[in-house]
Amino acid sequence: MIEFRNVSKDYPSGTHALNNVSLKINDGEFVFIVGSSGAGKSTFLKLIMSEEKLTKGEINVDGIRLSKLRRRKVPYLRRKMGIVFQDFRLIEKMSVYDNVAFAMRCVGANNKTIKERVPYILKLVGLGSKIKSKPSQLSGGEQQRVSLARALVNNPEIIIADEPTGNVDPEMSHEIIDLLSEINKQGTTIIIVTHEHDLVKEFGKRVIEIHKGKIVHDTMLEETSVEDIELISSYDQDIADDELSPLLKLDEESPDDVEELSFEESAPKEEVIEPPKSKVDQAVENIDKIVEEIESDNKEDLIHTVKLDPAKIRRIMAEEEKKKKQDAAVDSVIDSLNTNT
């Protein structure tokens, strides 16, 4: 579940990208995010991925409060997500197989699992025969399918697609949304940013429209279909406030009123039983709490201040350092992809 509570994002340049945004996306939903250029769509996605820090408010992703999330914990958050980019961000020197396998290697998957999983996912997206091809040998639609396979391969809980149909023809656009719809039926949450309003209306999913950093339409809250509303970004011009959705008028209420109107109590969710934590993980978590309390990141100092066996703490620190290196590999995916685009 993704929840925004009175979220604002301001940039040093003075740009107010989001203004007091409140919404909730439940597990297993399929949501289109629409809006004109500069409306705040990209910022919305970057905040969910913790690529940007919010200015005010709170964002909760699957129980994780992003305002409190430490940088070194961001890779754990992103393991829950699969990202599909408009410009594909494939590594040209790698084959289709290796582009997809790369995402698995970065999270520490073993070779046996990779060899079983990658061909299966490529067949799922219709690229079983292209496994040895290089990205330059594929059409735009096929490259986007590789990008989608890479997002799917680690079985994420959430798929975020930023203009996934922006560089493909209309027929392929439908095929990609159809494929994402099928994935959604398996319980995966799908969030798609797009400017293709005809596509949005055809599929009839929930639509959230952002205009000048504010939510001006949400078909779920309005209890209306997207066919019955006129999307502001479809004609991309300034309009008077009294022509906007009533949702925008929530900003005139007090913060408490906004929260009450935007977040009705949902039906109780079935309790999820998490596997027990290892002794090492529990010990590291306890030390992290102590570190936060004394406002220090230097765990070495704790050896002299906490009444625990110094040798044991050092062993815990060594285990955590090993995990940090593995997590760093996850971040390297993004860096490597950016370098090769």
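- Formation of a donor-acceptor pair under 3.5 Å by the Lys41 side chain with backbone atoms of Gly35 is found in this model.
- A side-chain donor from one of Asn6 and Ser22 sits under 3.5 Å from a side-chain acceptor of the other.
- Formation of a donor-acceptor pair under 3.5 Å by the Thr55 side chain with backbone atoms of Asp10 is found in this model.
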Given the rule in the side chain to side chain contact (heavy atoms under 4.5 Å, CB included) test, do Val96 and Ile131 qualify, once you have shown the distances and angles that lead to the verdict?
CA-CA 5 Å; Val96 167; Ile131 199 165; 5.5 Å; no
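- Shown are Leu124, Leu148, Val118; of these, the side chain to side chain contact (heavy atoms under 4.5 Å, CB included) with Val153 is made only by Val118.
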Step-by-step side chain to side chain contact (heavy atoms under 4.5 Å, CB included) determination, Thr188 to Ile190:
CA-CA 6 Å; Thr188 304; Ile190 307 290; 4.1 Å; yes
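- For Lys9 (side chain) and Lys53 (main-chain N/O), a donor-acceptor pair under 3.5 Å exists by modelled atom type.
- A cation-pi contact, defined as under 6.0 Å to the ring centre and within 45° of the axis, is absent between Lys80 and Tyr76.
- Here the straight-line distance linking atom CG of Asp178 with atom NE2 of His174 works out to 7.5 Å at 0.5 Å rounding.
- We find the CD1-CD1 distance between Ile48 and Ile33 to be 7.0 Å, quoted to the nearest 0.5 Å.
- Between Ile210 and Val21 there is no side-chain heavy-atom pair separated by less than 4.5 Å.
- Nearest approach of Gln144 to Glu163, heavy atoms of both residues: NE2-O, 4.5 Å.
- The minimum heavy-atom distance between Glu196 and Ser173, with the atom names listed, is OE2-OG, 3.8 Å.
- With contacts defined as side-chain heavy-atom distances shorter than 4.5 Å, the pair Ser181/Phe203 qualifies.
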From CA spacing to verdict: side chain to side chain contact (heavy atoms under 4.5 Å, CB included), Ile192, Ile177:
CA-CA 9 Å; Ile192 300 178; Ile177 302 301; 3.7 Å; yes
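- Distance CD1/Ile215 to CG/Leu18: 8.5 Å, rounded to 0.5 Å.
- In this structure, the side chain of Asn99 engages the main chain of Ile91 through a donor-acceptor pair within 3.5 Å.
- Of all non-hydrogen atoms in Ser8 and Asn20, the two that sit nearest each other are OG-N, 2.9 Å.
- Atoms CG and CD1, from Leu47 and Ile59 in turn, are 4.5 Å apart once rounded to the nearest 0.5 Å.
- Atom NZ of Lys115 has 12 or fewer neighbouring heavy atoms from other residues, nucleotides or ligands inside a 6.0 Å radius.
- Note that the CD1 atom of Ile158 and the CD1 atom of Ile2 stand 4.0 Å from one another [nearest 0.5 Å].
- Across every non-hydrogen atom of Leu138 and Ser133, the tightest pair is CD2-CB, 3.9 Å.
- For Ser95 (side chain) and Asp98 (main-chain N/O), a donor-acceptor pair under 3.5 Å exists by modelled atom type.
- Under the 4.5 Å side-chain heavy-atom criterion for grouping Ile, Leu, Val, Met, Phe, Trp and Tyr, Leu122 is connected to Tyr120 within one hydrophobic cluster.
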Side chain to side chain contact (heavy atoms under 4.5 Å, CB included) for Asn60 and Arg5? Distances and angles first, verdict last.
CA-CA 8 Å; Asn60 188 302; Arg5 289 181 179 269; over 6 Å; no
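- Between the CD atom in Glu29 and the CZ atom in Arg206 there is a gap of 4.5 Å [rounded to 0.5 Å].
- When each of Leu69, Val61, Ile64 is checked for a side chain to side chain contact (heavy atoms under 4.5 Å, CB included) with Ser50, only Leu69 meets the rule.
- Side-chain N or O atoms of Arg150 include one that pairs as donor or acceptor with a backbone N or O of Arg89 at under 3.5 Å.
- Using a 3.5 Å distance cut-off with no hydrogens or angles, the side chains of Thr43 and Glu52 do not pair a donor with an acceptor.
- Side chain of Thr189 to main chain of Asp27: no donor-acceptor pair is present (N/O by atom type, distance under 3.5 Å, no hydrogens or angles).
- Across Phe85 and Ser147, no two heavy atoms sit closer than the pair N-OG, 3.8 Å.
- Remark: side-chain polar atoms of Asn154 are not paired, donor with acceptor, to backbone N or O of Pro156 under 3.5 angstrom.
- Using the six-membered ring where Trp is involved, Phe4 and Phe44 have ring planes that are parallel, under 30° apart on the 30 and 60° scheme.
- Contact record, Leu90 with Gln143: CD1-O, 3.7 Å, taken as the closest heavy-atom pair.
- Ionic pairing of Glu182 and Lys185 is present here: one or more N-O contacts between side-chain nitrogen and carboxylate oxygen are shorter than 4.0 angstrom.
- More than 12 heavy atoms of other residues, nucleotides or ligands shown are found within 6.0 angstrom of CG on Asn110.
- Side chain of Glu157 to main chain of Gly28: no donor-acceptor pair is present (N/O by atom type, distance under 3.5 Å, no hydrogens or angles).
- A distance-only check finds no donor-acceptor pair linking the side chain of Glu142 to the backbone of Leu127 [under 3.5 Å].
- Salt bridge status for Glu175 with Arg145: present, with a side-chain N to carboxylate O gap under 4.0 Å.
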